[in-house]
**Student:** 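I am attaching a structure below and will ask some questions about it afterwards.
The structure displayed is predicted, hence computed values, not measured ones. Order of appearance sets the numbers: ligands from 1, and atoms from 1 within every ligand.
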Amino acid sequence: MRSEPVPAPAGDRRSRATAELTWPGKRVGHHAGLVPVPSPARASWDVRGRLVCGERADSLLLRADAGVALAELLAAPGAVDGGVKLCYLDPPYNTGERFAHYDDRSDRAAWLSTLRDHLLLARELLAADGSLWLHLDDSEQHRARCVLDEVFGEEAFVATIIWQKRTSRDNRKAFSSMHDYIHVYAPAGPKVWKSVRNGLPDEGAFSNPDGDPRGPWRSVPMNVQAGHATAGQFYTVTTPTGVRHDPPPGRCWTYTAPRLAELVADGRVYWPRGGDGKPRLKRYQSEVTGLAPFTIWTADEVGDTGSAKRALLSEFPGLQAFDTPKPLGLLERIVSVATDPGDLVLDYYLGSGTTAVAAQRLGRRWIGVEQSARTVEEFTLPRLHAAWADAPGGGFAFGAF
Ligand SMILES: C[S@@+](CC[C@H](N)C(=O)[O-])C[C@H]1O[C@@H](n2cnc3c(N)ncnc32)[C@H](O)[C@@H]1O
């Protein structure tokens, strides 16, 4: 993906939203009360923890409160060398439920304050070309969007992904909710971030029926909606067999006539129906750089809550299932889009460890923080040991405080 340096962010990374959400007890200012406070264990505790897998601590699991861990990471020189390229967050959603492994009932003001405090710290750890992905449901997602706008600036908003979390209907509810939201923000803004993110693999069928020396290709239409067309995109095309075509109604040719002629001369145009059809552009497999992800991700593509739970149950038969694991397929897609091998991934609501497992499998470094000792012992640590055994490379340390 990238090799050239990324331009500095267009906007001020700390720019505020033009409108702001407020709530009782909200701290004023961007750093109020957020000066990193060393934990009591700090004097004797190194932020890199104790090495538990491999030969060097590329990655780190912390059993700690997110706020304390983030402050420690910020205070420790070199703890996040090069910055965090991807921060994926799947916090308690404030659903009002008490799960077996964590309590998801919080006073709204406290929930928002914690979210904001943590985001302000995470922002300082992000690389200039990094991104933060916040996963929520309808309980708080609309309020959280306002907080994200405030912390990162409205211009840092990239997209909201709708993830299909279930496929079965829940008839107890007025509407059967089948999706979550993942808000994506990049401090550098969507344009710069697009130049460093990875596209999705193009699964289209390529072939080489004409023995093109550039290798396998497939064809795509050469006309587009006429909305932003210039006059030069409206003309009559004559095919090699002499058939004349105007653009379809409401559309124009993708290229002007001189550019089309260049592409034809370069052998990059395919004329279907034995040379009678409208021109189509040859897309070569070797030149495909990946597809822009859609904003709707289905259970078929990346898994759903049910498949994530079943996978975890088969890994840990006999244990009470972790309540809200995310599917590995979902995290592998996020990690693949947002990072390259060797980049650093952070998740400070790690739960059963899915983000770190995905990062480990894909050759990324990771830092995971989870406050529940039971979750870490039952799921996170064993999963990460297994992931490391399957895909070694580097190692990871474990610390707790
Ligand atoms: C929705 S779950 C994350 C699930 C995770 N994505 C997975 O695939 O397993 C949220 C997790 O955040 C943890 N958590 C909540 N508050 C925290 C805090 N202040 N610091 C660290 N972890 C916290 C909870 O214990 C819970 O495990």
**Student:** If you count the atoms of ligand 1 from 1 in the order shown, which ones are under 4.0 Å from a heavy atom of Pro325?
**Tutor:** 7 (C), 8 (O), 9 (O)
**Student:** Between Lys26 and Trp23, is NZ or CZ placed under 6.0 angstrom from the six-membered ring centre and within 45° of the ring axis?
**Tutor:**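 Pair Lys26/Trp23 counts as cation-pi.
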**Student:** Please state which protein non-hydrogen atom is closest to atom 15 (C) of ligand 1 and give its distance, to 0.1 Å?
**Tutor:**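 The closest heavy atom on the protein side is Pro92 CG, 3.4 Å.
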**Student:** Decide whether an N or O pair under 3.5 Å exists between Thr375 and ligand 1.
**Tutor:**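 No; the residue has no nitrogen or oxygen that sits under 3.5 Å from a nitrogen or oxygen of the ligand.
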**Student:** Using heavy atoms and a 4.0 Å limit, tell me yes or no: is Leu350 in contact with ligand 1?
**Tutor:**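 Leu350: in contact with ligand 1 (<4.0 Å).
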**Student:** Look at the rings of Tyr348 and His118 and say which category their plane angle falls in: under 30° parallel, 30 to 60° tilted, over 60° perpendicular.
**Tutor:**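 The rings of Tyr348 and His118 stand perpendicular, inter-plane angle above 60°.
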**Student:** With heavy atoms under 4.0 Å as the rule, classify the contact between Phe322 and ligand 1 as side chain, backbone, both or neither.
**Tutor:**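 It is the side chain that gets close, since no backbone atom is under 4.0 Å.
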**Student:** For ligand 1 and His101, I'd like to know whether there is a polar contact (N/O to N/O, distance under 3.5 Å).
**Tutor:**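 It does not: no N or O of His101 is found under 3.5 Å from an N or O of ligand 1.
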**Student:** Could you list the atoms of ligand 1 found under 4.0 angstrom from a heavy atom of Thr354?
**Tutor:** 7 (C), 8 (O), 9 (O)
**Student:** Could you tell me whether Tyr349 approaches ligand 1 through its side chain, its backbone, both or neither, with non-hydrogen atoms closer than 4.0 Å?
**Tutor:**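 The part of Tyr349 near ligand 1 is both the backbone and the side chain.
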**Student:** Going by the order shown, which atoms of ligand 1 are within less than 4.0 Å of some heavy atom of Ser352?
**Tutor:**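 Close to Ser352: 7 (C), 8 (O), 9 (O).
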**Student:** Check ligand 1 against Thr324 and write out every atom of the ligand that is under 4.0 Å from a heavy-atom position of the residue.
**Tutor:** 1 (C), 2 (S), 4 (C)
**Student:** Report the residue from Thr339, Asp343, Leu126 that forms a side chain to side chain contact (heavy atoms under 4.5 Å, CB included) with Val84.
**Tutor:** Leu126
**Student:** If you have a sec, work out which protein heavy atom is nearest atom 18 (C) of ligand 1 and how many Å separate them, to one decimal?
**Tutor:** Gln371 OE1, 3.2 Å
**Student:** Can the positive tip of Arg374 be found less than 6.0 Å from the middle of the six-membered ring of Phe322, inside 45° of the ring normal?
**Tutor:**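 Geometry flag: not set, cation outside 6.0 Å or 45°.
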**Student:** Considering only non-hydrogen protein atoms, determine which one is nearest to atom 20 (N) of ligand 1 and report residue, atom name and distance to 0.1 Å.
**Tutor:**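 Here the nearest protein heavy atom works out to Ala66 N, 2.8 Å.
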**Student:** Identify the heavy atoms of Gln371 and Arg63 that sit nearest to each other, and give their distance.
**Tutor:**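 Looking at all heavy atoms of both residues, the shortest contact is O-CG, 4.2 Å.
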**Student:** Evaluate the side-chain contact (heavy atoms from CB on, under 4.5 Å) criterion for residues Arg383 and Glu315: first the C-alpha distance (whole Å), next the side-chain angles of each, then the deciding distance (0.1 Å), finally the verdict.
**Tutor:** CA-CA 8 Å; Arg383 275 185 98 190; Glu315 253 181 275; 3.4 Å; yes
**Student:** Backbone or side chain, does any N or O of Asp90 fall under 3.5 Å from an N or O of ligand 1?
**Tutor:** yes
**Student:** Which of the atoms in ligand 1, numbered in the order shown and given with their element, are less than 4.0 Å from a heavy-atom of Ala64?
**Tutor:** 20 (N), 21 (C)
**Student:** Taking the six-membered ring of Trp297, is the NZ or CZ of Arg333 close enough (under 6.0 Å from the centre) and on axis enough (within 45°)?
**Tutor:** yes
**Student:** Could you tell me if any non-hydrogen atom of Ala308 lies under 4.0 Å from any atom of ligand 1?
**Tutor:**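 So Ala308 does not count as touching ligand 1.
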**Student:** Would you check whether Glu370 has a nitrogen or oxygen atom less than 3.5 angstrom from a nitrogen or oxygen atom of ligand 1?
**Tutor:**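 Yes; at least one N/O pair falls below 3.5 Å.
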**Student:** Decide if the gap between the ring center of His385 and the ring center of Phe396 is smaller than 6.0 angstrom.
**Tutor:**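 When the ring centroids of His385 and Phe396 are compared, they turn out to be within the sub-6.0 Å range.
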**Student:** Is the distance from the ring center of Trp217 to that of Tyr270 below 6.0 Å?
**Tutor:** yes
**Student:** What residue among Val335, Val345, Leu331 forms side chain to side chain contact (heavy atoms under 4.5 Å, CB included) with Tyr88?
**Tutor:**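 Among Val335, Val345, Leu331, the one that satisfies the side chain to side chain contact (heavy atoms under 4.5 Å, CB included) with Tyr88 is Leu331.
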**Student:** Could you check if a side-chain atom of Glu378 sits within less than 4.5 angstrom of a side-chain atom of Thr375, using non-hydrogen atoms only?
**Tutor:** no
**Student:** Is the Tyr181 to His135 ring centre distance short of 6.0 Å?
**Tutor:**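 When the ring centroids of Tyr181 and His135 are compared, they turn out to be at least 6.0 Å apart.
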**Student:** Would Ser372 count as being in polar contact with ligand 1, using the rule that some N or O on each side must be under 3.5 angstrom apart?
**Tutor:**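 No, there is no polar N/O contact under 3.5 Å.
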**Student:** Considering distance alone, does some N or O of Tyr88 sit under 3.5 Å from an N or O of ligand 1?
**Tutor:**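 Checking ligand 1 against Tyr88, no N or O pair falls under 3.5 Å apart.
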**Student:** Measure from atom 1 (C) of ligand 1 to every heavy atom in Phe379, Tyr102, Tyr348 and give the option owning the shortest one.
**Tutor:** Tyr102
**Student:** I need the atoms of ligand 1 closer than 4.0 Å to a non-hydrogen atom of Asp65, numbered in the order shown.
**Tutor:** 18 (C), 19 (N), 20 (N)
